[in-house]
Amino acid sequence: MWLRIQRLNQWRFVLTSKVCVPQLHTSSTEPASSSCDGLYPGHIHTTPIQKALLAVGSGVAALRDPYRHDMVAVLGEATGHFALINLRDKMKNDPEGYTILTERPRIRLSTIDVANMASLPEGSFGREYIRFLDDNHVTPDSRADVKFVDDEELAYVMLRYREVHDLMHTLLGMPTNMLGEVAVKWFEAAQTGLPMCAFGAVLGPLRLNASRLQTLVTSLGPWALRNGLRARFVLNIFYERRWEQSLEDLRQELNIEPPPVILSAANKTST
Amino acid sequence: MAASMRLLVRRAIRLSHKNITLTAAGAAARSDCCRGPLVCRCFSDEAEDRSTHFGFETVPETEKAKRVYKVFENVAQKYDIMNDAMSLGIHRMWKDTLLHVMHPQPGAQLLDMAGGTGDISFRFLDYIRSQEERQKRRVARSSQTPSWRDISNNYSTQDEPRESRAVVCDINKEMLKVGKQKADSLGVSAGLSWVVGDAEELPFDDDQFDIYTIAFGIRNVTHIDQALQEALRVLKPGGRFMCLEFSKVNNPILSRIYDAYSFQMIPVIGEVIAGDWKSYQYLVESIRKFPNQEEFKGMIEDAGFYCVKYYNLTGGVVALHSGFKL
C-alpha cells in the first residue's frame, strides 16, 4: 500500500515537472529555456557567440585562479568540439573503447567499491588509485558536470575524459599540485589534442616558481610529452575492469615509462 | 494549510478595512492626477492549482517562491560583483537616482524591502547624514550673531529629532548575511536593522514607515498585488512607495541591443564569475515577464496608492515608480 502511495507521489511529481514547456525559438534572441533538459541532464543550449564568450571568459578566470576547476571544465567544453569528435572516433575504432562507449561506465564513489579496492595488494592499480585519492585529499565526485557540449555521445566522451583524469595522475605518478597538474596536462595534450589541455600546458607553467619550472622543462615535461605521444590511447582502457592489475603491468601495456622524478603530494602550498 | 487559512483571514480583515477607507477617500479625492481605485478581491482556488511563470518556464505558484529562494541563495556571495559586471557599474547610478528622487529628510523611517545586500539602505543612511550635516551648517551659519531671544529659544527647543532608521527586509537569509558582512566591513551599524520577511506578508504593524522601497525585487514576488497591498499597509499616511525595477525599452534599436546583451552575455558572465548559468538565465527571463511601465503603474494604483508616476532610466531599461499613501 505504501508502495502505491509512493508511486502516486512520483507520478504527481513527474506530471507537475512536465508542466515545464521548452520555449524553443520564441524569438531570435531568446535561447531555449535552460531549465528543461536539453540533450542530456544538465545540458544548456548555447549559441556559437556564447561559446566564444564562454571560452574567453573561462580562460581568463581559470588563469587568474587555477583552482577554479569549473572554469577549466567550461573552457574544455567550449573549445573541444572537433577534438571530441576525434576522440569519439578513436574510441569507436578500438574494441575496448567501443565497449566503453556502449556501456557508459561512470567513476564515482557510488560506482566504485572503495573498501574492496583498498584491500587489494600493494602495487595494484586499484590500491594505488585509492592511495592517490587519500594522499591528495580528492574525490572522484568533485568533477563538474558537462553542460555545453551539444551532442549526447560527445558529452559522454568529455565526461569520461574528466573522470579518467585522476587515473592519469595515478598512472603517471603525479600529485595534484601545480607542477603535477601541468605535467599531466602535457601528457593529455599530446594524447587527446583538446585545446583546453594545450592552453593548460602552455599557460600553466607561468604560475610555477623557478625551481619547479626547471624541473618541468628539463625532465618532467619532455617525459610527459614523449609518453603522451607514444602511449596507447588512454580513453580506450576499461579501467574499471583492471583494478587488480598491477600498476607496473598496466604501465607497460600502455607504453608509459615510470616518472623520472618522484613528487610528493605534500607540496600543495607553493607553486 | 493553517498558514494559508491565516493568510485568507488576514486578507479578509484588511480588505474590509480598505473598503471603508477607500469609499471615504473616493468621495473626498478630486485631484486629476490621482485615481480612487475600487478593488475587488475574490478568494478563488487554492494556490496549488494556479500556475505562474518562473522565467519562461511555467511552474505551480507554490514552487516559484522556493525556486526563487534557491536562485538567490546560490548567487548571494557574488551578487554585488555580478551587478557591477552585468550593468557595467550603471546600477550604482540607478540606485543613486532613487535616493535623489526620494530626497529623505532626517528622521525618516525606511523599509528597504528585498534589500538583500543593503545597497539602498547604505545610500539612505549616507544621504541622511549629509542632509543632517547640511542642516547643522545652515543652523550654525544663521546663528553666528544671535540675538538674546534666539539664544533663549535655542535653550528651550532642545528636542532631539527622531533618529532615522533603515530596516533591511529580505526573504532570503543568505542575502541578508552578505549584507550584514558588508555593513560590518563598512563600519555602518547605527540606525540599521536586518529582518527576514516575505513581501507578501510583512512582519510589521500598520503605519510604521515613511518610505517603502523595493529595488529589483518585486519581479521575483509570486503575488505582486499582495506585496503592493502590504506596502500600503505598513506605510504611514503620507508615506511614499518607491520601486526600482527593470522594465520595457521602447526604442527598437536599443531594445534589440539590450535583448542580445541580456540573453547572450549575461548568462555567460554568470557562468564565468559565479559559476551559475541557470540563475542568471532565470533573471533575464524574469525581466521579460514583468509588466511594462504603464501596466505596473496601473497595478500600483489598484493597490490604493495615489499620484503614481514613473521615471524611465537608461532609456527604459529601468523604471522608477513612485506612489503615495494618502
Side-chain angles (χ1 to χ4, degrees), chain A residues 12-38 41-65 67-78 142 144-148, chain B residues 46-64 66-68 70-71 74 77-78 81-82 85-86 249 252-289:
Chain A
R12 252 190 64 205
F13 174 72
V14 165
L15 283 173
T16 47
S17 65
K18 283 231 180 325
V19 171
C20 143
V21 173
Q23 307 265 354
L24 287 163
H25 310 306
T26 40
S27 94
S28 55
T29 49
E30 293 168 6
S33 166
S34 56
S35 31
C36 293
D37 289 347
H43 181 216
I44 297 177
H45 292 280
T46 41
T47 62
I49 304 175
Q50 286 177 316
K51 286 203 175 63
L53 291 171
L54 274 174
V56 172
S58 61
V60 169
L63 203 55
R64 291 184 61 179
D65 183 5
Y67 288 103
R68 280 206 64 184
H69 295 137
D70 58 332
M71 286 294 99
V72 176
V74 169
L75 180 62
E77 290 169 28
S142 59
D145 290 331
V146 178
K147 293 190 281 230
F148 302 114
Chain B
E46 289 298 325
E48 289 86 34
D49 295 345
R50 286 201 295 259
S51 61
T52 181
H53 50 83
F54 179 78
F56 290 150
E57 209 186 321
T58 308
V59 297
E61 277 189 350
T62 43
E63 209 186 297
K64 174 162 179 173
K66 269 185 265 174
R67 291 184 69 168
V68 171
K70 207 89 222 292
V71 164
N74 290 341
Q77 290 296 328
K78 296 280 174 78
I81 302 175
M82 280 298 302
M86 290 188 292
V249 177
I253 303 174
L254 192 59
S255 168
R256 291 198 59 179
I257 298 175
Y258 178 52
D259 280 347
Y261 179 76
S262 293
F263 285 98
Q264 301 293 324
M265 290 262 352
I266 287 188
V268 172
I269 299 175
E271 178 69 31
V272 171
I273 295 182
D276 193 346
W277 176 289
K278 295 201 169 171
S279 294
Y280 288 91
Q281 181 78 30
Y282 158 72
L283 287 176
V284 298
E285 288 177 0
S286 64
I287 293 174
R288 299 303 177 292
K289 297 302 274 190

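Proteins come first, then strands; the chains are lettered A, B, ... in the order of their sequence lines, and each starts at number 1.
Of the atoms belonging to A:Lys147, it is side-chain heavy atoms, and not backbone ones, that fall under 4.5 Å from chain B.
Applying the side chain to side chain contact (heavy atoms under 4.5 Å, CB included) rule to B:Lys289 yields the partners B:His53, B:Phe56; only residues at least two apart in sequence or on another chain are considered. The salt bridge (Lys or Arg N to Asp or Glu O under 4.0 Å) search around B:Lys64 returns none, not counting sequence neighbours. For B:Ile81, the side chain to side chain contact (heavy atoms under 4.5 Å, CB included) criterion is met by B:Lys78, B:Ile273, not counting sequence neighbours.
Residues B:Phe263 and B:Gln281 share a closest heavy-atom pair of CD2-NE2, 4.1 Å.
For the pair B:Tyr282 (side chain) and B:Val68 (backbone), a donor-acceptor distance under 3.5 Å is absent.
B:Glu285 places none of its side-chain heavy atoms less than 4.5 Å from the side chain of B:Phe54.
Using a 4.5 Å heavy-atom cut-off against chain B, the contacting residues of residues 52-62 of chain A are A:Leu53, A:Leu54, A:Gly57, A:Ser58, A:Ala61.
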